[in-house]
Amino acid sequence: MHVSFSDCVRVAPDVLFRLVSDEAVLVNLNTEMYLGLNPVGARMWSVLSEATSIQAAYEQLLKEYEVEPSELRRDLEEFVAQLHAHQLIETRPAA
Amino acid sequence: MPMDNDSSHRYCVYGIAIASDSPLTLPQYSHDTLGRVECLQAPAPLFQKAIESIVFDSRSDSWYRHAVTRDGSTYVAWDAIGEFVVAADGRRIVCRRDEGCCAESFQVYLLGQALSFALVQQRFEPLHATVVVVNDEAVAFLGGNAFGKSTLAACFLEAGYRLLTDDLLNLQESGDGIRAYPGPPRIKLFPRVASCFLHAIANGVEMNPDTKKLILPIDAHRSCSRPVPLKAIYSLAAPHDASRRRDVTIETLSPRQAFMALVSAAFNRTLTGRQRLERQFGMMGRVTDLVPVKKLVYPRTLDRVEEVRDAVLDDLVRDVRIARSSPIAALAMLG
């Protein structure tokens, strides 16, 4: 999947999310699949779901984590692609 | 499925009031119950009619059959045991015992697998767990069949601790904690395990024709018949993961891992659908928030089970120490 950083992320309908301490769990009610996120994944999810675009989420996460920009970009791309593959998010052009 | 009935025998199990038209080996009825299920016996033609031209679940085989009937009830049957129809609202189980199946064996299926359909339909989320009581609190061992839950519980019984439930655990949120409800006062063990820890197998009854596992009644002083707060959950490693282990290890699971362990231990996975998933997601999340869940790995030999029991008891004490120390740390920070 090609991830465009100008897109924004929307949580797919029928997906439940719950923070458990600093981690998170999700379930897709349609596919009946559960997914767990470690603390970094949980934070990525929270920032992505509130940001106006993936680029904005990337910039926010870059401020929060000591990480090479290229590495974060790659991790975020992979994360978004995985969430999309599990039908947990939808992406669309930012308004 | 309208029926004339006389549910004159009243009991309580898993916190549920059971009204039955035939006697069951269960504690007597209590007013403080979470729900109600009526158990009625019916002749074979009633079941034949219920499953006329319906499609059985793909997991059905010659031993186990499952289907949803036209009125939304669940039909479930085990060869040489009996058959059951659980009403769509979970408030009634109609059952028939096969000729040749003893009452004890039939009740294991009635009050385990069949009743689990009723519990889930009544919006409970039972876990596949065996539970003992330590210092008036419940300690649950999670795991699938043959994971060693009952063997470990039997070792606790030998040391004087009481059994709360074997195989099916019904939970309810209460105040700021989770309460665990008592199951039938019996345990299922292989003869060698029963002989080792309970020192008596003479009163055991074989569970079904394909296993040597015995159903053993647990007397009143070795079982707990009231709900108790859930103190800790230990998720047992699968036998193939544990077979090469030399040491006993207990590791606290992260909240995400704990949640997944709880979801994996759902007692009845046949009933799915959105409403159940939503409920399960909420309930397992609350249990994760309120109760520590740990991974327990140990070598699967009978001569090491006492060591496992002692490790769990030590771990429970360690948890108490941590809990008691935290307020002092907070005060020191404020100072």
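Within every chain, numbering begins at 1; the chains are lettered A, B, ... in the order of the sequence lines, protein sequences first and strands thereafter. All heavy atoms count here, side chains included; hydrogens, waters and symmetry mates do not. The model shown is predicted, which means the values in this text are computed figures rather than measured ones.
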Can you list, pair by pair, the side-chain donor-acceptor contacts under 3.5 Å of residues 254-274 of chain B, counting residues two or more places apart and other chains?
residue, atom, partner, partner atom, Å
B:Ser254, OG, A:Glu23, OE1, 2.6
B:Ser254, OG, A:Glu23, OE2, 3.4
B:Ser254, OG, B:Gln257, N, 3.3
B:Ser254, OG, B:Gln257, OE1, 3.4
B:Arg256, NE, A:Glu23, OE2, 3.2
B:Arg256, NH2, A:Glu23, OE2, 3.4
B:Gln257, OE1, B:Ser254, N, 2.9
B:Ser264, OG, B:Met260, O, 2.8
B:Asn268, OD1, B:Thr270, N, 2.9
B:Asn268, OD1, B:Leu271, N, 3.2
B:Asn268, ND2, B:Ser116, OG, 3.0
B:Arg269, NH2, B:Ser264, O, 2.2
B:Arg274, NH1, A:Asp14, OD1, 3.2
B:Arg274, NH1, A:Asn30, OD1, 3.3
B:Arg274, NH2, A:Asp14, OD1, 2.6

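Residue-environment remark: CZ (B:Arg70) exceeds the threshold of 12 foreign heavy atoms within 6.0 Å. Environment of CD in B:Gln275: sparse, with no more than 12 heavy atoms of neighbouring residues, nucleotides or ligands closer than 6.0 Å. The environment of CD in A:Glu71 is crowded: more than 12 heavy-atom neighbours from other residues, nucleotides or ligands sit within 6.0 Å.
Distance check: A:Leu16 CG to B:Gln280 CD gives 11.0 Å after rounding to the nearest 0.5 Å.
Scanning both residues, B:Arg286 and A:Arg18, for their nearest heavy atoms gives N-NH2, 3.6 Å. The minimum heavy-atom distance between A:Asn28 and B:Leu277, with the atom names listed, is O-CD1, 4.5 Å.
Proximity to chain B is absent for every atom of A:Ala42, based on heavy atoms less than 4.5 angstrom apart. Interface residue A:Asn38: backbone and side-chain heavy atoms are both found under 4.5 Å from chain B.
The shortest distance between side-chain heavy atoms of A:Leu29 and B:Phe281 does not fall below 4.5 Å.
The salt bridge (Lys or Arg N to Asp or Glu O under 4.0 Å) analysis of residues 122-131 of chain B, with sequence neighbours excluded, yields the pairs B:Glu125-B:Arg276, B:Glu125-B:Arg279.
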